[in-house]
Amino acid sequence: MKKQLTAFFLSALLTLSGCGQELPDTPPEDLTVDDTITEQETVPAIVTLPERFALPYDPAVTLDPLTCPDGPHQVIGALLYEGLFMLDTSMQPQKLLCAAYSCDESKTTWTFQLREDARFSDGSPLTAADTAASLDRARETARYRARLSHVDMIVHDGSTITVTLLSPNAAFPALLDIPITKAGTESRLVPLGTAPYFFSESEGGAVLLPSEYRHSTLPAECIYLSPCSGATALHHQFSSHQIQLISTDLTAQSTYVPSGSVDLTDADTTVLQFIGFNIGNPLFSSAELRNALGFGIDRQTLVSAHLAGHALPAQSPISPCSPLYPASLDTVYSKEAFLDAMANAGYRTGTPREITLLVNTDNRHKVSAAHYIADMLSLCDIKITVSALPWGEYIAALESGAFDLYYGEVRLTADWDLSPLVGTGGSMNYGGYSDNGMDFLLARSANSEKRETSMRQLCRYLQANAPILPLCFKRTTVLSEAGVAEHLMPTASNPFYSMNTLHINLLKSTAK
C-alpha cells in the first residue's frame with residue numbers, strides 16, 4: 001500500500017503512535033490514522049522530480065550481502081545479488097536462480113537444478129560450486145545461521161545442488177532466498193552477483209549500472225551511490241533530496257520524520273509481536289485462562305493507535321499476507337465475549353490477582369502497546385502492571401523465568417517453523433511450554449505436502465491452548481521522494497521486488 005504524506009501529517013501520525021501511556025485506547029474520532037491519510041491523499045502535492053536517482057552508500061563498509069549490516073547496504077544488495085528463490089508479496093518462494101527442484105519422500109533431501117543462462121556480472125556462468133560455497137558461508141553468518149541450522153550437508157555436481165537436512169521440511173525452498181555470490185570474490189568489498197545491476201566505481205563516484213546479462217526491464221539506466229555514513233547523514237541526505245529512497249522501520253525507537261512530501265510503501269515481514277506466558281506460574285498453567293485472555297485484545301486498535309498502522313493484526317502466528325493464514329479461525333473483538341470467557345474460566349469473582357507484564361523499555365511503541373493491553377485485560381480478576389526494562393535486563397528476566405507475562409517480538413522464518421517458539425525446549429520458548437500434542441502437530445506440519453490443512457490444524461490447536469497470544473506482524477516502510485518511484489512493490493527483503501514494472505521518474509536523463 002502506497003501513501004503520500006507531507007512532513008506535517010507524517011509527524012502528527014508518528015507523534016500519535018509514540019507518546020507512551022498518554023495514548024488513548026482508540027484514535028480520536030477526528031484524527032484516526034486512516035482519516036489522516038485519506039484526507040491528505042485528496043490534496044494533490046506539487047512534485048519536483050530529481051535529475052538522478054541515488055541511494056545511500058558507505059564506502060568503508062562491505063556490500064557482501066551475507067555479512068553487511070542491516071540497512072542501506074541491504075537495499076543496494078537487492079540490486080546486485082539473487083538467490084535460488086525469492087519470496088513474493090505473500091511470502092511464497094518463487095524460482096529465481098533455480099530452474100527446477102525436487103525432494104525425496106522423507107522431505108530431508110532436496111535437489112536444485114540451476115538456470116543455465118544465469119551469469120555473474122563479469123560474464124562467468126553461475127555454477128553449483130558457487131552456490132554451494134555461498135550457502136555454506138551463509139551457515140556461519142549471524143543473519144542466516146538460525147534458518148540453516150537444520151542443514152546437515154551441501155554437495156554439488158555440475159549444475160546441481162543437493163542439500164540434506166537433519167529433519168524433514170516440506171517448505172525448505174522458502175528459506176533459500178539467500179544471496180549467491182561468486183566463489184573467490186568474498187573478500188572484496190563488493191563481491192560479484194548475478195542481479196540486473198553491477199557495481200562500478202570511477203573518479204566520478206560509485207554507481208550501479210545495468211548488466212549486459214540481465215533478463216528483465218530495468219527502472220533506471222544508472223543508479224548513483226551517495227557516500228553516507230550514519231543515521232544523521234542518511235536522514236539529512238534524504239530530506240535534502242540527495243538520495244531518493246530508504247527503507248526503515250517507522251515503529252523503531254528512533255523514528256525519523258522527513259521534510260517535504262514523501263511516498264510511503266509498506267512491506268510485510270515475518271516479524272511477529274505477541275504476548276508470552278510463564279507456564280511455570282500456576283495461574284497460567286490453565287489453558288482456559290490463557291485462551292480467555294486472548295479474547296480481550298483489540299488487535300485492530302492496537303495496530304492503528306500504537307503502531308501507527310505499520311503492522312497486520314494477527315490471531316495466528318502466520319502472517320495474514322500468507323495464503324496459509326487461517327482467517328476463518330479469527331474472531332471479532334468483543335468486550336462482552338472477553339468478559340464471558342473470563343467468567344467461564346473462573347476469573348470474574350471479584351478477587352484480584354496481581355501480575356506483571358514485561359516489555360523492553362528501549363522501544364516506546366512497544367511500551368505504549370503493552371500498557372494498552374494491560375488496561376484491556378485488567379477488567380476482571382486479573383490486574384496487570386507493566387514493567388518496562390532495558391534490553392539486557394529484559395532478556396535476563398526472560399531467560400531466568402522471572403516474569404508472569406511478556407511482550408515479545410520474534411523474526412520467524414518464511415517456512416513458518418514455530419517449533420523454536422512453542423515447541424518443547426524451543427530456543428525462544430521462554431515460557432517453558434511443553435505439550436506432546438503441540439510437538440506432534442509441529443512435526444506433521446513440517447513434513448506435510450498439504451500445508452494449508454496441516455497449518456490450519458496447528459493454528460486451531462494453538463488458539464485453543466494459547467501458549468502465546470499473537471498480536472500482529474510488523475511491516476517495514478520504504479520512503480521514497482514523492483513521485484519518483486512509480487509502481488514500487490517492496491517485500492521484506494527486496495525493496496525492488498517489482499523490477500519489471502517499477503519506473504523511476506526523473507526530471508531529465510542523466511545518461512552520460
Side-chain angles (χ1 to χ4, degrees), residues 1-3 33-34 37 74-75 78 83 85-96 147 170-177 247-252 263-274 297 299-304 306-333 365 369 408-418 421 445 450-460 462-463 468-479 487-502:
M1 177 185 299
K2 176 178 284 189
K3 307 179 182 75
V33 173
D34 287 341
I37 292 169
Q74 285 286 297
V75 173
F85 296 83
M86 62 178 174
L87 297 179
D88 62 20
T89 55
S90 60
M91 304 288 182
Q92 299 297 295
Q94 305 296 330
K95 295 191 296 293
L96 192 53
R147 77 160 73 175
F172 183 57
L175 304 181
L176 296 181
D177 61 333
S247 181
T248 188
D249 177 3
L250 291 180
T251 65
D263 289 335
L264 281 72
T265 311
D266 280 347
D268 293 305
T269 75
T270 59
V271 178
L272 170 70
Q273 292 190 353
F274 63 96
I297 303 173
R299 293 167 174 81
Q300 293 285 350
T301 300
L302 173 73
V303 166
S304 62
H306 299 268
L307 296 175
H310 297 290
L312 291 178
Q315 296 180 36
S316 294
I318 301 172
S319 173
C321 78
S322 168
L324 297 176
Y325 185 79
S328 61
L329 298 180
D330 286 359
T331 58
V332 178
Y333 169 73
H365 299 279
E409 177 177 299
V410 59
R411 183 181 298 277
L412 299 172
T413 48
D415 60 346
W416 306 114
D417 176 16
L418 304 178
L421 187 60
S445 66
K450 299 180 179 180
R451 290 274 288 166
E452 187 172 349
T453 299
S454 63
M455 292 303 290
R456 177 183 171 81
Q457 292 171 342
L458 174 60
C459 289
R460 182 187 292 115
L462 275 164
Q463 288 191 0
I468 62 170
L469 300 179
L471 301 174
C472 61
F473 278 86
K474 288 179 60 175
R475 309 185 83 189
T476 59
T477 304
V478 175
L479 301 178
H487 306 303
L488 186 68
M489 187 188 301
T491 63
S493 59
N494 188 356
F496 307 102
Y497 171 77
S498 56
M499 185 74 74
N500 289 334
T501 59
L502 174 63

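We count residues from 1, following the sequence as given. Here the structure is a predicted model, which means the values were calculated and not measured.
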Visitor: I want to check something: taking the side chain as every heavy atom from C-beta on, are Leu462 and Leu418 in contact at a cut-off of under 4.5 Å?
Guide: yes

Visitor: Where is the tightest heavy-atom contact between Pro495 and Ala78, given as atom of each residue plus distance?
Guide: CD-CB, 4.1 Å

Visitor: In Å, rounded to the nearest 0.5 Å, how long is the span from CG of Asn500 to OG of Ser498?
Guide: 8.5 Å

Visitor: In Å, rounded to the nearest 0.5 Å, how long is the span from OG1 of Thr501 to CG of Leu488?
Guide: 9.0 Å

Visitor: Using side-chain contact (heavy atoms from CB on, under 4.5 Å) as the criterion, point out the one residue from Thr265, Leu479, Asn494, Val478 that pairs with Ser247.
Guide: Val478

Visitor: Grab the two heavy atoms, one from Leu87 and one from Tyr497, that are nearest each other, plus how far apart they are.
Guide: O-CE1, 3.8 Å

Visitor: Using side-chain heavy atoms (C-beta onward) and a distance below 4.5 Å, is Phe85 in contact with Lys95?
Guide: yes

Visitor: With heavy-atom distances below 4.5 Å as the criterion, would you say the side chains of Trp416 and Ser322 are in contact?
Guide: yes

Visitor: Measure across Ile318 and Tyr325 and return the closest heavy-atom pair with its distance rounded to 0.1 Å.
Guide: O-CD1, 2.8 Å

Visitor: Check whether any side-chain heavy atom of Met489 sits under 4.5 Å from a side-chain heavy atom of His487, and report yes or no.
Guide: no

Visitor: Pair Thr301, Tyr333 - check side chain to side chain contact (heavy atoms under 4.5 Å, CB included), show working.
Guide: CA-CA 10 Å; Thr301 300; Tyr333 169 73; over 6 Å; no

Visitor: Are the side chain of Arg451 and the backbone of Ser445 linked by a donor-acceptor contact shorter than 3.5 Å?
Guide: yes

Visitor: How long is the span from the CG atom in Leu176 to the CE atom in Met86, to the nearest 0.5 Å?
Guide: 14.5 Å

Visitor: Heavy atoms, side chains only, cut-off 4.5 Å: are Leu471 and Leu302 in contact?
Guide: yes

Visitor: Using the rule given for side chain to side chain contact (heavy atoms under 4.5 Å, CB included), can you reason through Met455 versus Ser316, listing the C-alpha separation, both sets of side-chain angles and the distance that settles it, and then say yes or no?
Guide: CA-CA 10 Å; Met455 292 303 290; Ser316 294; over 6 Å; no

Visitor: Might you point out which heavy atoms bring Pro326 and Cys459 nearest each other, and give the distance in Å?
Guide: CG-CB, 3.7 Å

Visitor: Check Glu409 against Lys474 and note the closest heavy-atom contact, atom names and distance.
Guide: OE1-CD, 3.3 Å

Visitor: What I'd like to find out is whether the side chain of Gln273 reaches to under 4.5 Å of the side chain of Leu307, using heavy atoms alone.
Guide: yes

Visitor: Working to the nearest 0.5 Å, report the span between NZ of Lys450 and CZ of Arg456.
Guide: 15.0 Å

Visitor: Between Met91 and Cys321, is any pair of side-chain heavy atoms under 4.5 Å apart?
Guide: yes

Visitor: What do you reckon, is CD of Glu452 surrounded by more than 12 foreign heavy atoms closer than 6.0 Å?
Guide: no

Visitor: Going through the distances and angles, do Leu250 and Leu264 end up as a side chain to side chain contact (heavy atoms under 4.5 Å, CB included)?
Guide: CA-CA 10 Å; Leu250 291 180; Leu264 281 72; 3.8 Å; yes

Visitor: Output all residues satisfying salt bridge (Lys or Arg N to Asp or Glu O under 4.0 Å) with Arg147, sequence neighbours left out; order by chain, then residue number.
Guide: Asp177

Visitor: Working note: Leu312 + Ser319, criterion side chain to side chain contact (heavy atoms under 4.5 Å, CB included); need CA distance, chi angles, decisive distance, verdict.
Guide: CA-CA 8 Å; Leu312 291 178; Ser319 173; 4.2 Å; yes

Visitor: Please enumerate all residues that pass side-chain contact (heavy atoms from CB on, under 4.5 Å) together with Pro313, with sequence neighbours excluded.
Guide: Arg299, Gln300, Val303

Visitor: Please report the interatomic distance CG(Leu272) to CD1(Ile468), rounded to the nearest 0.5 Å.
Guide: 5.5 Å

Visitor: Can you tell me how far the OG1 atom of Thr413 sits from the CG atom of Leu175, to the nearest 0.5 Å?
Guide: 5.5 Å

Visitor: Among Asp249, Asp268, Thr269, find the residue that satisfies the side-chain hydrogen bond (donor to acceptor under 3.5 Å, both in side chains) test when tested with Arg475.
Guide: Asp268

Visitor: How far apart are the closest heavy atoms of Phe473 and Pro317, and which atoms are they?
Guide: CZ-C, 3.6 Å

